[in-house]
Q: 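Below is a structure I'd like to ask you about.
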Amino acid sequence: PPRLCLCPDCQVDVALLLDGSYNIGQRRFNLQKTFVGKLAHMLRIGPEGPLVGVVQASENPKTEFYLKNFTQPKDVIFAIKEMGYRGGNTNTGKALMHTVQTFFSAENGMRKGVPRVIVLFVDGWPSDDIEAAATLARESGINVFFVSVAKPAAEELGMVQDRGFVQKAVCRDNGFFTYFMPSWFSTNKYVKPLTQKLCDVDKMLCSKTCYNSVNIGFLIDGSSSVGDNNFRLVLEFIAGVAQAFEISDAGARIGAVQFTYEQKVELSFQQSTGKEVALRAIRGIPYMSGGTATGDAILFTISQLFGTHRGSSGKNFLVIITDGQSYDDVRGPAAAAKKEGKTLDRPRAHRYTGP
């Protein structure tokens, strides 16, 4: 067997989601089990280290065993060997959703404060949509790794429902959460690198749930009482907040609306495709100047910023930055925003007048 991984601080709760579909076949399914057994051995499973459970993906998912069932490598390896091959379509999205919703709980052996990980094995490509389940995983703070074996050949690409399935499945599309093996044969050399990834908890970005799949709208006071210098300080403050998030199609989205008596979408969620794009747009917002109608601006933002992004994934937050009293009613629009599912935060911007 592979040498044990020297990872004394490796504490992770891992769901191994195995491919049990017709796509993989009985022979490669057995090879997959052998590889996963080696992985379990190298992880040094135990109560103070990694814990592992297994779900089999096929037509309908089946949890083979939970984290609490086996806490010694030899018991996990034996349970994996005893698994039967199910067959059926490669309903990876269905299996991922099942795992996210049912696998990680205290009664199933999940430990508080320990990173949660799903390692998704797919031989070929999924038969169903994976995006909704992957989004829920990110929102739930679960780190999804994708182990792809035998990518579709050029002549098979027409059969793939979504060619971007790997990018949509993983916690972050940054290379760390994806792993490719050309086949199930001669896989010994692939065990240790995957083990090391699973023990690199500092890179488990999806454990930081606040940063995942959120839509944050900033409503910025551009009235005359703010002044151009203070307006620039506000933009730098917003850029600093945005800097902390992983801004991408699969991560956080940042939007901005400036208001006086009038309102203008300065950065839409659709335009916020990456961190550099968002920061550049925020810092480049021109100062409007005018009166202060915060209530109208809230209603405008619900409709024109969040409304155009309706049906998208992620939780919605509206941060209102203003330095003074509004000339219109705010309570009604604020209640409307909460009814629409937006969490409101209203920091007050105070002018700095010097010592």
Q: Can you check whether E64 reaches V55 side chain to side chain, under 4.5 Å on heavy atoms?
A: no

Q: Can you tell me how the ring of Y22 sits relative to the ring of Y85, calling it parallel under 30°, perpendicular over 60° and tilted otherwise?
A: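 Y22 vs Y85 ring planes: perpendicular.
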
Q: Are the side chain of R86 and the backbone N or O of S58 linked by a donor-acceptor pair below 3.5 Å?
A: no

Q: Sort and list the pairs that fulfil ring pair (Phe, Tyr, Trp, His ring centres under 6.0 Å) and have at least one residue in residues 128-148, not counting sequence neighbours.
A: F145-F176, F145-F177, F146-F165

Q: For F78, does the CZ atom have more than 12 heavy-atom neighbours from other residues, nucleotides or ligands under 6.0 Å away?
A: no

Q: More than 12 heavy atoms of other residues, nucleotides or ligands under 6.0 Å from CD of E107: is that the case?
A: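 Count not over threshold, so no.
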
Q: So, using side chain to side chain donor-acceptor pair (under 3.5 Å) as the criterion, who are the partners of T34 when residues are at least two apart?
A: none

Q: Please tell me if the side chains of V149 and V122 come closer than 4.5 Å, counting only heavy atoms from C-beta onward.
A: no

Q: Counting N and O atoms only, with roles assigned by atom type, does the side chain of Q258 sit under 3.5 Å from a partner on the main chain of P286, one being a donor and the other an acceptor?
A: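 Yes.
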
Q: Run the ring-centre check on F269 versus F306 and record whether the distance is less than 6.0 Å.
A: yes

Q: Would you say D328's side chain and G295's backbone share a donor-acceptor pair under 3.5 angstrom?
A: yes

Q: With a 4.5 Å limit on heavy-atom distance, are the side chains of S272 and I247 in contact?
A: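 Result yes, sub-4.5 Å side-chain heavy-atom pair found.
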
Q: Return yes if some donor-acceptor pair links the side-chain N/O of K33 with the main-chain N/O of K81 below 3.5 Å, else return no.
A: yes

Q: Answer yes if the ring centres of F259 and F300 are under 6.0 angstrom apart, and no otherwise.
A: no

Q: Does NZ in K275 sit with more than 12 non-hydrogen atoms of other residues, nucleotides or ligands closer than 6.0 Å?
A: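 Yes, because the 6.0 Å sphere around NZ of K275 holds more than 12 heavy atoms from other groups.
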
Q: Are M181 and V147 side-chain neighbours, meaning at least one heavy-atom pair lies under 4.5 Å?
A: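 A side-chain contact under 4.5 Å exists here.
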
Q: Any donor-acceptor pair under 3.5 Å linking the side chain of R111 with the backbone of P47?
A: yes

Q: Is the backbone of N23 close enough, under 3.5 Å, to the side chain of S21 for a donor and an acceptor to pair up by distance?
A: yes

Q: Counting N and O atoms only, with roles assigned by atom type, does the side chain of D128 sit under 3.5 Å from a partner on the main chain of K94, one being a donor and the other an acceptor?
A: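 Yes: the side chain of D128 pairs with the backbone of K94.
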
Q: Would you mind listing every salt bridge (charged side-chain N to carboxylate O under 4.0 Å, His left out) that reaches into residues 17-28, with sequence neighbours excluded?
A: R28-D123

Q: One thing to verify: whether K197 and D200 come together as a salt bridge, which I'm taking to mean a side-chain N less than 4.0 angstrom from a carboxylate O.
A: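 Salt bridge absent between D200 and K197.
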
Q: Below 4.5 Å, heavy atoms only, C-beta onward: do D13 and V117 meet side chain to side chain?
A: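 No, every pair of side-chain atoms sits at 4.5 Å or beyond.
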
Q: Is there a chain of hydrophobic side chains (I, L, V, M, F, W, Y, each step under 4.5 Å between heavy atoms) that links I321 to V241?
A: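 Yes; V241 is reachable from I321 via cluster members.
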
Q: Is there a side-chain contact between L136 and Q101, using heavy atoms and a 4.5 Å cut-off?
A: yes

Q: Are the side chains of L305 and L219 in touch, meaning some heavy atoms are under 4.5 Å apart?
A: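 They are not in contact (no side-chain heavy atoms under 4.5 Å apart), so the answer is no.
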
Q: Could you go step by step and tell me if F65 and F70 meet the ring-ring contact (aromatic ring centres under 6.0 Å, His included) rule?
A: CA-CA 8 Å; F65 58 89; F70 306 108; 5.1 Å; yes

